[in-house]
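Structure first, commentary second.
Residue numbering restarts at 1 for every chain, and letters A, B, ... go by the order of the sequence lines.
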2 protein chains.
Amino acid sequence: MKELSESELIALLRSCGISPSPQRIAIYGYLKSHPVHPTADVIMKELKPHLPTLSLTTVYNTLKLFVSKKLVSEVIIEDGELRFDADLKDHAHFKCTRCQQVFDLFPEGNRMDISGLPALPEGFSAESVHICFRGKCSSCRE
Amino acid sequence: MKELSESELIALLRSCGISPSPQRIAIYGYLKSHPVHPTADVIMKELKPHLPTLSLTTVYNTLKLFVSKKLVSEVIIEDGELRFDADLKDHAHFKCTRCQQVFDLFPEGNRMDISGLPALPEGFSAESVHICFRGKCSSCRE
DNA sequence: TTTATCTTTGAAGTCACTACAAATACAAAA
DNA sequence: TTTTGTATTTGTAGTGACTTCAAAGATAAA
């Protein structure tokens, strides 16, 4: 939840080969300071007041650019809504089926231990794993 | 991949409280004999020749009914395409980023060992876990 | 300053999926 | 059998997330 300074954001963008336009800084800054896996739509609504000319196309284009440069990752939790995550550390997700909130689940240590999961067939190589639990969060459980 | 007889399909539908119309039998039979996680669209295209009056609405309604009765499960792998799986046994998925095929990964024994995954926070309870690897399958890897 | 390249923008389009209301099939009651 | 009610299917029209596209605006290089 920590706020990054503009110059830190610019440095991070540059380090991925992305030239730091105001829109890109704003979108990346929003993702960094709001780790709630927002959709493009949410980002648009939140940033519009500060960047009145912002267009939805730009939001989509920018997010796609970030993903292609591996600055953020796509999170697929529910069909029909693509979410984005600026936290690249290994973690799983939990979606509450009542309040619809998405929670991060970080592993003890820093790496996820996937040794208990089914092994890949001969010759297969994995680049990523998505793990998403579904159930009730503590506040929705009573 | 084994073909079920029509009477077996009907019995399975009935056991979930679903009255076995020709459309429902066809869709469930297709899912059972084609464990490739088809989308509604694929199911429609495949069944249309045998059931010329079949409508896409029926396919969607029927799949939704199956899911609500826990006869099949939804598989979310890529955004913008909801897939369906008639195999309810515990398993993970692997999507090849080159040929786009989706593979089933069954665990040794029958249960998936998720003890290495991040623990749920106090008070949370999970109803399901979706696990999806992404990478290259053996044929796409050379 | 000129020219070329990036980036943003909004309007129109696509595509998966849904809502809806009419039509058909099926089943129970008379 | 006929009547009446309930399920199921169907096609059309709609919704909403996302993309395409071409023009406008901003940046950078020559």
Taking only N/O atoms, report every protein-nucleotides 24-30 of chain D pair under 3.5 Å with atom names and distance.
none

Could you write out each protein N or O paired with an N or O of nucleotides 9-12 of chain C at a distance under 3.5 Å?
unit_1, atom_1, unit_2, atom_2, d
C:dT9, OP1, A:Thr53, O, 2.8
C:dT9, OP1, A:Thr53, OG1, 2.4
C:dT9, OP2, A:Ser55, N, 3.3
C:dT9, OP2, A:Thr58, OG1, 2.9
C:dT9, O5', A:Thr53, O, 3.0
C:dG10, N7, A:Thr57, OG1, 3.2
C:dG10, O6, A:Thr57, OG1, 3.3
C:dA11, N6, A:Thr57, OG1, 3.4

Exercise. So, B:His37 versus B:His93: side-chain donor-acceptor pair below 3.5 Å or not?
Worked result: yes
For this session: Measure the spacing between CG of B:Leu63 and OG1 of B:Thr39 and express it to the nearest 0.5 Å.
Result: 9.5 Å
Exercise. Do you know which two heavy atoms are closest between A:Gly80 and B:Asp79, and how far apart they sit?
Worked result: N-OD1, 3.7 Å
Problem set entry | Modelled atom types, side-chain donor and acceptor of A:Asp113 and A:Ser115, under 3.5 Å | yes
Exercise. What integer distance in Å separates A:Lys45:NZ from D:dA17:C1'?
Worked result: 11 Å
Problem set entry | Path from B:Ile114 to A:Leu120 over hydrophobic side-chain contacts below 4.5 Å | yes
For this session: In whole angstrom, give the distance that lies between atom NZ of A:Lys64 and atom P of D:dC21.
Result: 12 Å
Problem set entry | DNA chain C contacts among residues 12-21 of chain B, heavy-atom distance under 4.0 Å | none
Problem set entry | B:Ser19 side chain to B:Arg14 side chain, donor-acceptor N/O pair below 3.5 angstrom | no
Seminar exercise, completed: Side-chain contact check for A:Asp79: nearest option of C:dT8, C:dC17, D:dT9 is C:dC17
For this session: Please check the phosphate of C:dT18 (OP1 and OP2 only) for any side-chain N or O of B:Tyr60 closer than 4.0 Å.
Result: no
Problem set entry | Rounded distance in Å - CG (A:Leu82) to P (D:dG16) | 18 Å
Exercise. Just how far, in rounded Å, is P of D:dT9 from CE of B:Met44?
Worked result: 13 Å
